[in-house]
Amino acid sequence: MAVNLLLGLQWGDEGKGKIVDVLTKDYNIIARFQGGPNAGHTLEFDGIKHVLHTIPSGIFHDKAINLVGNGVVIDPVIFKKELDNLDKFNLDYKSKLLISRKAHLILPTHRILDAASEASKGKAKIGSTLKGIGPTYMDKTGRNGIRIGDLELSDWKERYRALANKHEAMIDFYDSKIEYDLVELENEFFEAVKVLKTLTFIDSEEYLHQAQKEGKTILAEGAQGSLLDIDFGTYPFVTSSNTTAAGACTGLGIAPNKIKDVFGIFKAYTTRVGSGPFPTELFDEDGETMAQVGHEFGATTGRPRRCGWLDLVALKYAVHVNGVTKLMMMKGDVLSGFNTLKICTAYKYQGKTITHLPYNIEPENVTPIYTKMKGWSEDLTGMNDPSQLPKELNEYISFLEKELETPITIVSVGPDRTQTIHR
Ligand code: GDP
Ligand code: IMO
Ligand code: MG
């Protein structure tokens, strides 16, 4: 049985959480493959909004198993808070939430290191969510990390101490003057680890292998977006994992030839939170309208998201890198009311017009070239059938499908589960 992937094609926050929730009814297993609590995945149904950071977005359905894969980094403190939130809704998650033994742990000192590293960078800071993601993946690739499976060993606290001591020396090196009370942070951490240990830890690659043999359906859920990928994103303003399709193979132990559909999610415009280049960024009323109507504030940090027109050069690149087979366009409703819409179809780069993403997309190197399209004024938020969509929106969609050579199979017209149009 094939595995499908769902991932973001821009700089994150495309609406992955909403769509995973919408699709979960068709799957036996939802599996997160990378990232950590830097993610904020929002789901809305029955008038309630939920934000998940580490737990996969299928958790609110009765039957699906939700698996946190080996490629994910887990902060027990944040994980416990997520569980506390589920408890408030009397959700029985114990029977359907599994964690890979090979997932790495975010320690309190990883978070402090993240803050110290950012402080040392001054204006060149990444704009990290400060959840300790970079330092944890550094310890993973540096072969120093502590994994979920280690929590089952008797000596894990000694290993913890040795690593935390090393981190303290590194924090001193930064001389960042960041104040912290490690004793307090560790108490909170060890309490949360106790809670984590009440969940089921598994050899998830073997579990997924068996599931595939039994014909179970699996949806792999990505975090962040393709332009934040450690290899293919706008480095160094990226996250520390492979957010692109290949990350699902390494982050779950799924073989490339088992992957069938790759669902690529994008907003009908573009947003970015944190630092880094963003060629189509707007600093005018249009950008403000997108931010206000789209409520563009980070689900994890609450920071305002930068907004701009859709960038087809970047989107095409993401479609290619991921092998996207089906596109899903989010937040179409936010563009209602614009007389004219702009789509960036090429860049002016070193005196030439180019249609591929060059090595450097800093503002001094690229100027977007736009195609203009007529906007629509209809409120889309109550629509639920493709036949209701305004003519101009259909033209916008057709233009993108032609340029990207990929069908748009879902048009999302609001944050709620029900505000989803299948084409
Ligand atoms: P994720 O990180 O990709 O899961 O996305 P986020 O949850 O961080 O951000 C997406 C935001 O847009 C959330 O607040 C969603 O509730 C909201 N959202 C998702 N789809 C739509 C849509 O079609 N229209 C509108 N107006 N909001 C949406
Ligand atoms: P979801 O899954 C949007 C951004 C941060 C920063 C950079 C590095 O909700 O789409 P990190 O904390 O990883 O060191 O931050 O990446 N970033 C995100 N932006 N959505 C996310 O996740 C993000 N996760 C990280 O703002 O620019
Ligand atoms: Mg998000």
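Just so you know, ligand 1 is whichever comes first in the structure, and atom 1 is the first atom listed for that ligand.
- No more than 12 heavy atoms of other residues, nucleotides or ligands shown are found within 6.0 angstrom of OH on Tyr235.
- A salt bridge does not link Glu188 to Lys80: none of the charged side-chain nitrogens sits closer than 4.0 Å to a carboxylate oxygen.
- Relative to atom 2 (O) of ligand 2, the option among Arg32, Lys125, His41 with the closest non-hydrogen atom is His41.
- Under a 4.0 angstrom heavy-atom cut-off, Gly294 registers as lying outside contact with ligand 1.
- Ionic pairing of Glu395 and Lys374 is not present here: no N-O contact between side-chain nitrogen and carboxylate oxygen is shorter than 4.0 angstrom.
- A heavy-atom distance below 4.5 Å is found between the side chains of Lys267 and Arg305.
- Inclusion of Gly15 in the set of residues having an N or O under 3.5 Å from an N or O of ligand 1 is warranted.
- A 4.5 Å side-chain heavy-atom check between Thr300 and His53 finds at least one atom pair inside the cut-off.
- When hydrogens are left out, the protein atom nearest atom 15 (C) of ligand 1 is Thr42 CB, 4.0 Å; that is the closest non-hydrogen contact.
- The shortest separation from a heavy atom of Arg303 to ligand 2 is under 4.0 Å, placing the residue in contact.
- With a 4.0 Å heavy-atom cut-off, ligand 1 is reached by the backbone of Val413 but not by any atom from C-beta on.
- Closest to atom 2 (O) of ligand 1, if we only count protein heavy atoms, is Gly40 O, 2.8 Å.
- At least one heavy atom of Arg305 sits closer than 4.0 Å to an atom of ligand 1.
- Ligand 2 has no nitrogen or oxygen under 3.5 angstrom from a nitrogen or oxygen of Asp114.
- Of all atoms in ligand 2, numbered sequentially from 1 with element shown, those under 4.0 Å from a heavy atom of Ala223 are 2 (O).
- Heavy-atom distances between Gly40 and ligand 2 reach below 4.0 Å in at least one pair.
- With Thr136 as the fixed residue, the side chain to side chain donor-acceptor pair (under 3.5 Å) test singles out one of Arg111, Lys131, His110: His110.
- The part of Leu228 lying near ligand 2 is the side chain, judged by heavy-atom distances below 4.0 Å.
- Not less than 6.0 angstrom separates the ring centroid of His356 from the ring centroid of Tyr347.
- Heavy-atom minimum distance, Pro277 versus Ile361: CB-O, 3.4 Å.
- Between Lys131 and ligand 2, a contact under 3.5 Å exists for no N or O pair.
- The atoms of ligand 2 that sit less than 4.0 Å from any heavy atom of Lys16 are 1 (P), 2 (O), 10 (O).
- Between Ala299 and ligand 1, a contact under 3.5 Å exists for no N or O pair.
- By the 4.0 Å N-to-carboxylate-O rule, Asp13 lies too far from Arg272 to be salt-bridged with it.
- For ligand 1, none of its N or O atoms has an N or O atom of Lys49 under 3.5 Å away.
- Here is the list of ligand 2 atoms found below 4.0 Å of a heavy atom in Gly127: 5 (C), 6 (C), 26 (O), 27 (O).
- Not close to ligand 2: Ala299, with no non-hydrogen atom less than 4.0 angstrom away.
- Remark: ligand 2 and Gly12 share no N or O pair separated by less than 3.5 Å (distance only, no angle test).
- Distance from atom 11 (P) of ligand 2 to its nearest protein heavy atom, with residue and atom name: Ser128 OG, 3.7 Å.
- Classification of the Phe278-Trp11 ring pair by plane angle, with boundaries at 30° and 60°, yields tilted.
- Among all non-hydrogen protein atoms, the one lying nearest atom 16 (O) of ligand 1 is Pro415 CB, 3.4 Å.
- At a threshold of 4.0 Å, the pair Glu378-Lys391 does not count as salt-bridged, since none of the basic side-chain nitrogens sits closer than that to a carboxylate oxygen.
- Of the N and O atoms on the side chains of Asp150 and Tyr160, not one donor lies less than 3.5 Å from an acceptor on the other residue.
- Of the listed options Lys18, Gln419, Lys331, Lys331 places a heavy atom closest to atom 11 (C) of ligand 1.
- Counting atoms of ligand 1 from 1 in the listed order, those under 4.0 Å from a heavy atom of Gly17 are 4 (O).
- Residue Ser412 has at least one heavy-atom neighbour below 4.0 Å for each of these atoms of ligand 1: 20 (N), 21 (C), 22 (C), 23 (O).
- Near Ala39, with a cut-off below 4.0 Å to any heavy atom, the atoms of ligand 2 are 1 (P), 2 (O), 9 (O), 22 (O).
- When heavy-atom distances to ligand 1 are checked against a 4.0 Å cut-off, Asp13 comes that close through both its backbone and its side chain.
- Ligand 2 lies less than 4.0 angstrom from a heavy atom belonging to Val238.
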Given the rule in the side chain to side chain donor-acceptor pair (under 3.5 Å) test, do Thr280 and Asp311 qualify, once you have shown the distances and angles that lead to the verdict? CA-CA 7 Å; Thr280 61; Asp311 184 342; 4.8 Å; no

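- At least one side-chain heavy atom of Ile126 sits less than 4.5 Å from a side-chain heavy atom of Lys121.
- Any N or O atom pair closer than 3.5 Å counts here, and Gly332 shares no such pair with ligand 1.
- Of the heavy atoms in Thr301, none comes closer than 4.0 Å to ligand 2.
- With ring centers used as reference points, Phe45 lies under 6.0 Å from His50.
- A salt bridge links Glu186 with Arg161; the closest basic N to acidic carboxylate O contact falls under 4.0 Å.
- With a 4.0 Å heavy-atom cut-off, ligand 2 is reached by the backbone of Trp11 but not by any atom from C-beta on.
- Remark: distances from the non-hydrogen atoms of Arg272 to ligand 2 are all 4.0 Å or more.
- For the pair Lys342 and Tyr370, the cation-pi criterion (under 6.0 Å, within 45° of the ring axis) is fulfilled.
- Not a single heavy atom of Ala39 lies less than 4.0 angstrom from ligand 1.
- Looking at atom 12 (O) of ligand 2, its nearest protein heavy atom turns out to be Thr129 OG1, 2.5 Å.
- Remark: ligand 2 and Asp13 share an N or O pair separated by less than 3.5 Å (distance only, no angle test).
- The residues Glu118 and Lys125 are annotated as not salt-bridged, no charged nitrogen and carboxylate oxygen being separated by less than 4.0 angstrom.
- For the pairing with Phe263, the side chain to side chain contact (heavy atoms under 4.5 Å, CB included) check across Ile19, Val20, Leu23, Val324 returns one residue only, Leu23.
- Residue contacts with ligand 1: Met330 is placed with no nitrogen or oxygen under 3.5 Å of a nitrogen or oxygen of the ligand (distance criterion only).
- The Mg ion (ligand 3) has no N, O or S atom of Ala299 under 2.8 Å away, backbone or side chain.
- Between Lys331 and Glu296 a salt bridge is recorded (basic side-chain N to carboxylate O distance below 4.0 Å).
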